[in-house]
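Report on the following structure.
Every chain is numbered from 1, with letters handed out A, B, ... down the list of sequences.
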Amino acid sequence: MTGDHGHHQVESGARLNGECEMRAEIGFNAGFRLVFCPCFCEAKRRDYSHKHKDKHKDKEHRHKDHKKDKEREKSKYTNSSNGKHKREKENGYVSHIKTEEDNGYGYSPMPEKPMKRDRDEDELEHKPKKIKVEKENKVKKRKQEEEFDYYDEDVKPKKKSKGKKDDSAGGGKKKAKKEPEEKWKWWEEERCTDGSKWRFLEHKGPVFAPPYERLPENVRFYYDGKVMKLSEQAEEVATFFAKMLDHEYTTKDIFRKNFFKDWRKEMTSEEKSKISDLNKCNFTEMSEFFKAQSEARKQMSKEEKQKNKEENERLVEEYGFCLMDNHKERIGNFRIEPPGLFRGRGDHPKMGMLKRRIRPEDIIINCSKDSKHPKPPPGTKWKEVRHDNKVTWLASWTENIQGSIKYIMLNPSSRIKGEKDWQKYETARRLKKCVEKIRAQYREDWKSKEMRIRQRAVALYFIDKLALRAGNEKEEGESADTVGCCSLRVEHINLHPEMDGQEFVVELDFLGKDSIRYYNKIPVEKRVFKNLQLFLENKQLEDDVFDRLNTSILNKHLQELMDGLTAKVFRTYNASITLQQQLDQLTNPEDNLPAKILSYNRANRAVAILCNHQRAPPKTFEKSMQNLQAKIDAKKKQISAAKKELKSAKADAKAMHDEKSRKSVETKKKAVQRLSEQLMKLEVQATDREENKQIALGTSKLNYLDPRISVACRYESEHRRVCAISVTRIGFTLVIIERHCIQMRREALETRRPCRGKVLVVHSGIWRALPHVQQLCKKWGIPIEKIYNKTQREKFAWAIDMADNDYQF
DNA sequence: AGGCACACTTAGAACTTCATAA
DNA sequence: TTATGAAGTTCTAAGTGTGCCT
């Protein structure tokens, strides 16, 4: 009922890989290439201009640019990590990929050292000249091509943006005068190349959790049935437990044990000697008090709520922003985590431990030397103030449960996060270009004489096919027992030479990140299966499946196949490509808006299933389901009543033979029909809700799907001309519509709803196009607001601004 | 080649606000 | 108007991956 169904669904329709192979087959690469230039900022420009017909010119241009940048970089940074780019060519294959990939430019693994920004600070607010010129060219070209042109509005100063909490640029971190300023388009600027993340950073430091307030006298704690007044410290920790009394956590042994141990540490020696058994503790008065308190908060008058809101806004205005390189940027988490009881996920050995209160003395501040340093609260000191512009965080502290470091960082809408996000998708797109070769290689590696290579190849196959996470090793006993691909153990895998009529079925069952269960039965190729059998030979349940492999070995190998390639890029790539393919498949331009949105969500769901993004069914789920079921039952009753009436009306009509009774039969028939339709709708709604019961769409939307794919859905574009239709030997069809390549799987065409009778028909192996095929590429005209909410639009502002209607991932 | 520190992304749960049906 | 559920937002845990040291 869980992943099983879902994964099969995905397997059968959602994921159609193998585009590169097909492209090669029909010479697609030769005819059109979506080349993104090596360095990141170049890629951006390509993004704007990838329609250019004059590829050669463009290439030259890029090349020159790049050379220039490289020289610049060299001269400035003698110790630049150029050496890193020179990778060993272990075999011809690798180098082949690279050559093809890099196109001779050597895709600088540039995340860390993007293009040099050698402009003055005060120039920052302006669009770089270079880019401006290029843009004008582009505008011209576009005009020539009579393409949709959004530079028109882009080039001239834009209409005032509607957002009130605009970036106030130019050092205007003073009180925000209500002068709506233009949103800063960082994506139109060049990026820094020297590995520094900023040049200037000023902020006010974090906001600390409010100090503990003692409970009123009438809220008492009982031990062994007797009232007991607790010391302030012990009381505070007790309230943490009391607040969680309704939570399942407090029934768990480990939680209680850990809590009690840590609680006792906070007690006075007197308390310690008295309180020796958690079971004798009675927190109910405390619990009731907090419940009443939150109830009272809900019941607050409008004015009070408003006051609170304003107070909060003031705090956000003061602490929620920083000044980074002349731009006011939102901070993601400017509040220090308050003390409480640790809530680990799954079977966490440390659940219930006391998360201690963070004080200024624990905080390391990071900011510019020449900025106004944040002031610690009166009478306190920071642990340290440093000026490290190689990192993005503003403040950090070490947490006491795992000893890990926590950071205060910027909001996803910030330049620093956005650039990284954009770059992530560009890396995934580069993978797209060489994924088929990588696949060919790992298939080849299944036959290797060396065990470690075969393990690597099979693991990579899983990561690619199933979008598994890499699976770093974890310290035992420090956290819940969860695994990813490289850390899979024998107990997580079952091999079935035959199952449900399929050969070579691998059954995976393990807890992944956040202790979310992954369950899937996958038919695999014989060679994979045989390899797995070999890997499992003579092993205990608790042994690693891939004993000669870990993530660092795997990633090193991937790095050799493509610059910047790591295991997680496959997840991004497969998620995004799946969305795009699903959208192409589900597209039905005649649908109305809700239907289109439903289709979009379905495409999104396919990705969520692929990535195994699950959620606990909402608390209210059962209830709301029951409500719906009640409606359905009521409807059913109505129907049976209506049917009865119809029956008797029919009998009447038979007996009476008159016009009136005949008419009555008709009316009753209609009523039954109408009710049945209503019932159907309700049932569909119920199915839909049920289907989404434990699937979470948000994570993939936010982290895996190239937003430009979704953005492209907003345009209603003209029909496209079909250029070619081709069948590949592996049963895919390619439909080439102008420069779009749309691939389909045979069975998908035959059975998938959007295709049925619409797009293609099959006649004894010959594919024929119907006129409707032209519609395939018509984009949907979905308003972006229907896909992304406000926060998401802020995060993806770069994509919304730059992607045009025929964006291809 | 393995361990560790660190930085940063990805993740679902919990909480808050908004929209809509009763 | 109020109650309810959905949508939006916040929170922080739990991953990935790099680079340094041994």
Side-chain angles (χ1 to χ4, degrees), chain A residues 81 84 109 111-112 197 243-244 247-249 294 297-298 305 308-309 312 316 332-338 340 342-346 348 350-351 355 364 366 388 390-393 396 398-399 401-412 416-417 420-421 424 469-475 478-480 482-487 511-516 550-556 558-559 564-569 571-572 575 608 611-621 623-625 627-628 689 692 694-704 788-794:
Chain A
S81 47
K84 215 166 75 181
E112 266 22 284
K197 305 290 168 69
K243 281 177 183 167
M244 292 180 71
H247 203 287
E248 202 200 331
Y249 272 123
S294 74
R297 219 173 310 125
K298 268 187 231 153
K305 277 184 183 167
N308 278 353
K309 205 173 161 190
N312 187 43
V316 173
N333 56 329
F334 61 91
R335 279 174 233 263
I336 299 283
E337 295 172 18
F342 177 73
R343 297 152 94 109
R345 314 249 173 117
H348 198 116
K350 298 191 170 182
M351 63 167 74
K355 223 173 80 160
I364 302 172
N366 193 30
D388 181 358
K390 299 279 186 284
V391 296
T392 67
W393 51 269
S396 72
T398 302
E399 153 265 6
I401 305 288
Q402 333 250 7
S404 64
I405 309 168
K406 301 244 176 169
Y407 303 94
I408 285 181
M409 289 183 183
L410 296 192
N411 184 275
I416 219 160
K417 294 285 183 191
K420 204 75 186 301
D421 205 37
K424 171 180 76 187
R469 294 187 186 83
N472 285 317
E473 292 113 299
K474 323 168 52 178
E475 216 174 316
E478 290 297 296
S479 58
T482 62
V483 297
C485 185
C486 294
S487 48
L511 297 183
K513 182 175 179 179
D514 291 313
S515 294
I516 298 289
N550 61 38
T551 52
S552 98
I553 295 171
L554 179 67
N555 281 334
K556 250 177 215 137
L558 292 176
Q559 181 61 39
L565 186 60
T566 61
K568 91 188 187 67
V569 179
R571 243 166 109 80
T572 311
C611 294
N612 201 37
H613 289 143
Q614 292 182 287
R615 58 167 182 173
K619 277 205 183 63
T620 54
F621 187 86
K623 212 174 82 191
S624 79
M625 218 57 205
N627 287 347
L628 199 55
R689 200 180 291 178
N692 226 26
Q694 36 195 1
I695 296 175
L697 301 185
T699 301
S700 50
K701 205 173 188 176
L702 226 51
N703 299 302
Y704 288 103
Y788 291 135
N789 66 34
K790 186 169 135 284
T791 313
Q792 292 162 339
R793 290 200 298 276
E794 277 166 14

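- The nucleotide range of DNA chain B contacted by chain A, defined by atoms under 4.0 angstrom from heavy atoms of the protein and reported 5' to 3', is dC6(B) to dA14(B).
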Start with the C-alpha gap between I336(A) and I408(A), add the side-chain angles, then the distance that decides, and say whether side chain to side chain contact (heavy atoms under 4.5 Å, CB included) holds. CA-CA 8 Å; I336(A) 299 283; I408(A) 285 181; 4.1 Å; yes

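- Toward the 5' end of DNA chain B, the nearer of the two residues N703(A) and N550(A), judged by each one's closest nucleotide, is N550(A).
- One interatomic measurement links the two molecules: NZ of K197(A) to P of dT18(C), which rounds to 13 Å at whole-angstrom precision.
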Verdict with reasoning, K417(A) to K420(A), per side chain to side chain contact (heavy atoms under 4.5 Å, CB included): CA-CA 5 Å; K417(A) 294 285 183 191; K420(A) 204 75 186 301; 5.8 Å; no

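- A donor-acceptor pair under 3.5 Å is formed between the side chain of K305(A) and the backbone N or O of K298(A).
- When each of K568(A) and Q792(A) is assigned the nucleotide of DNA chain C bearing its nearest heavy atom, the one mapping closer to the 5' terminus is Q792(A).
- In this entry the distance linking CG of L565(A) with C1' of dT16(C) reads 14 Å, nearest Å.
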Shorter than 3.5 Å, N or O on both sides, protein versus nucleotides 10-15 of chain C: list them out with atom names.
from	atom 1	to	atom 2	distance (Å)
dA13(C)	OP1	K355(A)	NZ	3.1
dA13(C)	OP2	K406(A)	NZ	2.2
dA14(C)	OP1	R345(A)	N	2.6
dA14(C)	OP1	H348(A)	ND1	3.3
dG15(C)	OP1	T482(A)	OG1	2.8
dG15(C)	OP1	D514(A)	N	3.1
dG15(C)	OP2	K474(A)	NZ	2.9

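- A search for ring pair (Phe, Tyr, Trp, His ring centres under 6.0 Å) contacts involving Y249(A) returns H247(A), F255(A), not counting sequence neighbours.
- Each of K309(A) and I416(A) was assigned the nucleotide of DNA chain B with the nearest heavy atom; the assignment lying further toward the 5' end belongs to I416(A).
- Taking atom CD1 of I553(A) as the reference point, atom P of dG17(C) lies 14 Å away to the nearest angstrom.
- Proximity of a side-chain donor or acceptor of K474(A) to a complementary backbone N or O of S487(A) within less than 3.5 Å is not detected.
- Although no hydrogens or angles enter the test, the distance criterion places no donor-acceptor pair under 3.5 Å between the side chain of N366(A) and the main chain of T392(A).
- No more than 12 heavy atoms of other residues, nucleotides or ligands lie within 6.0 Å of NZ in K309(A), so this atom counts as exposed by the packing criterion.
- Backbone-only contact: I516(A) has heavy atoms under 4.0 Å from sugar-phosphate atoms and none from a base.
- Applying the 4.0 Å criterion to OP1 and OP2 of dG17(C), one finds that N555(A) has a side-chain N or O inside that range.
- To the nearest angstrom, C1' of dA7(C) lies 17 Å from OH of Y788(A).
- The distance between atom CG of L697(A) and atom P of dA6(C), rounded to the nearest whole Å, is 14 Å.
- Panel note: side chain Q614(A), backbone A696(A); no donor-acceptor pair is recorded below 3.5 Å.
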Decide yes or no on side chain to side chain contact (heavy atoms under 4.5 Å, CB included) for N333(A) and Y407(A), but give the supporting numbers first. CA-CA 8 Å; N333(A) 56 329; Y407(A) 303 94; 6.0 Å; no

